[in-house]
Amino acid sequence: KPTELSGLPGGVGEHLEGEGVEELYPPQAEAVEAGVTDGENVVAAVPTASGKTLIAELAMLSAVQRGGTALYIVPLRALASEKKTEFERWEEYGVTVGVSTGNYESDGEWLGSRDIVVATSEKVDSLVRNGAPWIDDLSCVVSDEVHLVDDRNRGPTLEVTLAKLRRLNHDLQTVALSATVGNAPEIADWLDAELVDSDWRPIDLRTGVHFGNAINFADGSQREVPVDSGGKQTPALVDDTLDEGGSSLVFVNSRRNAESAASRLGSVTSDHLTDEERADLRELATALRDVSDTATSDDLAECVAEGAAFHHAGLSSEHRDLVEGAFRDRLIKVIAATPTLAAGVNTPSRRVIVRDWRRYDPEFGGMKPLDTLEIHQMMGRAGRPGLDPYGEAVLLASNNDTKEELFDRYVHGDPEPVRSKLAAEPALRTHLLATVASGFANTREDILDFLGNTLYAVQSAGSAQLESVTDTVLNYLAVNEFVDREDGTITATEIGHTVSRLYLDPMSAAEIIDGLRGSEGGDDRTGNYGSRGGLADPDGDESAGFTTANDLLDDDALAGSDADEAGDADEAADDEDDDVSALGLYHLVSRTPDMYQLYLKSGDRETYEEELFERETELLGRTPSEYDDVAFEEWLSALKTARMLEDWASEVDEDRIAERYGVGPGDIRGKVDTAEWLLNAAERLAGELDLSNVVSVREAKKRVEDGVREELLDLTSVRGVGRKRARRLFEAGIESRADLRDADKSVILGALRGEKTAETVLENVGREDPSMEGVVADGDAKRAGR
Ligand code: ADP
């Protein structure tokens, strides 16, 4: 019983009981036996929705009770505030909670005063790099979804971060929560932890495959569910669940599919709605529309009015909250979702339908079956404890062979083992520089010793791979002058320190430095040299416009071989006063490995080739040869991304942008945020290297930050003045902060369209008497009255 647990802050046990936790679930009890409330390391590999969060809470609360502090690492930024809100219910027992989602660079000092801090692994990594003092004093770290160390992109950061935290503090309690995986003992071995490895679930799960006119369950039983008149399986299954008063969660493989499935399923759900539900849904639809003025908002509202919704990472968090809440309240009857957030979001449902079990994989060059682990996580969302007799998870097969394959792979098959992805060079490049810069290790031996704390070391024991890849990366860092090697001591250069603190991939930094230097007039010009050299393609490829790292070892060779070829680039950068256009800078940051570029869709290639032809002179660096398919295509994707950023920074409406580039509002935000961060980094690098174009960089950054043209920047620097208000003020003749302080109030009110808004803005700009009392708005706000 929770009330019988010792070592927790007073009242916590009773509180849990009040929430319906009358007894610990078996895996939770096992974790307690393993010492999770006594500071012991524990790895809990248990199915989705089996109460992992409580294991984490028990660990953290008991650590706090002992006078320590705890860190909870979430896998996705979108989950950080959700978890914080969840943990905040402990504040009434004197436990303070903070979340760190902000700037990569802020050192997060205030977080040191919190008992529990929630953060992504990237954020924690950055806090460690910046030497946030409280990190050393942590007593407990929880890693949620630790199986994601297997993720190619983000896994290495989690892996290295855990290794660092554990090296900083040898007594640190490590608690890792994982889905059921193929090699849980190995993970426990890596973290020196006791293992809780369990298949237990709070509610029975029946899994099966729908084929023909029936669900075939793993136990051999069948349930007849005839396909609908159009031969479709999903609507028939959703309809069948609704007949029983249950809701469904449908997993599909893309955002577009989620949206179209939700729209189609609306016609199924709408037949099952009561008048009251209809009215509530209409209200919800209005609330969704009010969240943002975009096509996604409208589409979502339209489905929701019919009782269906879609859910994917392109939605804003307000959208998601509303949808998840209404689904839990059983108002929304079906959600069509992409799997991205499935793992972390608590949205159980009577029936889970896994419609798409394959996904397009660019590296694979085609549709690839999803990992068993991932499918199991989706299936685990089936069944609401206390509400449903059992949960049902159904995969869809269109023929008998597929049916057999699905049974083998996902119903009877075991989840894959988790494999470290640390040896991938981009990951190691970033993390080795950080390790050196933060003084963690300063000789080759120390570095290898530190890497010995990683899962990768556990899994590659006895092979020489770790050493050879480490050497390659150290060479790259040295060649690009991010580290110095002298007598066996490896130290970060000044620029190396900056790059690490900015949290840039060194390759991004090299690309940016190179682009900015190349665009400078005068003697500094170094041509277009190889920020990408030497790693992915050790032999280099002149036609791609990149030289290799080896060439860089010899400045003369560089000058000699590149002098002629740099001719094109010269033309491009032939600008008297070193001004570079915003587009040029957006393109530069868009082609770094830190930016996920927009894909080229069919037809895009022609569009952006034309665009390239028109605006090539603005771009920094040399366009790769068209014969180098990969590099050229990337260049065009970066141009598409840059054009989107330029549109945003030119006040194009969000929904126009969404339509033009085929993206959701969440994507626009994401690209804008990344660009802002990279341009901030570029500004810092330009400043440190004394480059003359630092002013252009700053301006391009501010424009993307505020989403406005240059002329509005002064206005948008006032709190409460966004891109739209700034434009209306400008059109009314109010062009600056100074104008706001002096201009006729009726004109300001006319442009800002609201007394309260106008007063707040005037307060923010420091106007003497901001009151709007008795002021009549100038309808024809053309005259500024100056
Ligand atoms: P996981 O993190 O494993 O996916 P959660 O921690 O989100 O699962 O738990 C799923 C649900 O089960 C939550 O709503 C939680 O409140 C509830 N829960 C957890 N432990 C217990 C328990 N011992 N008794 C009753 N309900 C519990």
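For clarity, every value in this text was computed on a predicted model and none was experimentally measured. Throughout, numbering of the chain's residues begins at 1 and tracks the sequence. Both ligands and their constituent atoms are indexed starting at 1 by order of listing.
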Check whether any N or O atom of Gly51, backbone or side chain, sits under 3.5 Å from an N or O atom of ligand 1, and answer yes or no.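 In this structure, Gly51 places an N or O atom under 3.5 Å from an N or O of ligand 1.
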Any N or O of Lys52 closer than 3.5 Å to N or O of ligand 1: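 Min N/O separation from ligand 1 is below 3.5 Å for Lys52.
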Relative to the heavy atoms of Glu23, which atoms of ligand 1 are at a distance of less than 4.0 Å?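 Under 4.0 Å from Glu23, ligand 1 has these atoms: 22 (C), 23 (N), 24 (N).
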Thr53 neighbourhood, listing ligand 1 atoms whose heavy-atom distance to it stays under 4.0 Å: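 Checking each atom against Thr53, I get 2 (O), 5 (P), 6 (O), 7 (O).
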Winner among Ala29, Ala56, Ala49 once heavy atoms are compared against atom 8 (O) of ligand 1: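 Minimum heavy-atom distance to atom 8 (O) of ligand 1 goes to Ala49.
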Can you list the residues that meet the side chain to side chain contact (heavy atoms under 4.5 Å, CB included) rule with Glu318, with sequence neighbours excluded?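 For Glu318 the side chain to side chain contact (heavy atoms under 4.5 Å, CB included) partners, ignoring immediate neighbours, are Val291, Ser316.
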With sequence neighbours excluded, what pairs up with Glu86 under the salt bridge (Lys or Arg N to Asp or Glu O under 4.0 Å) test?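 By the salt bridge (Lys or Arg N to Asp or Glu O under 4.0 Å) rule, Glu86 matches Lys83.
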Between Glu324 and His311, is a side-chain contact (heavy atoms from CB on, under 4.5 Å) present by the stated rule, with each step listed? CA-CA 9 Å; Glu324 288 162 21; His311 188 292; 2.8 Å; yes
For the residue pair Arg351 / Thr241, report whether a side-chain donor-acceptor contact shorter than 3.5 Å exists.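 Yes, side-chain donor-acceptor contact under 3.5 Å.
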Can you say whether the rings of Tyr93 and Trp90 are parallel (under 30°), tilted (30 to 60°) or perpendicular (over 60°)?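 Aromatic pair Tyr93/Trp90 classed tilted.
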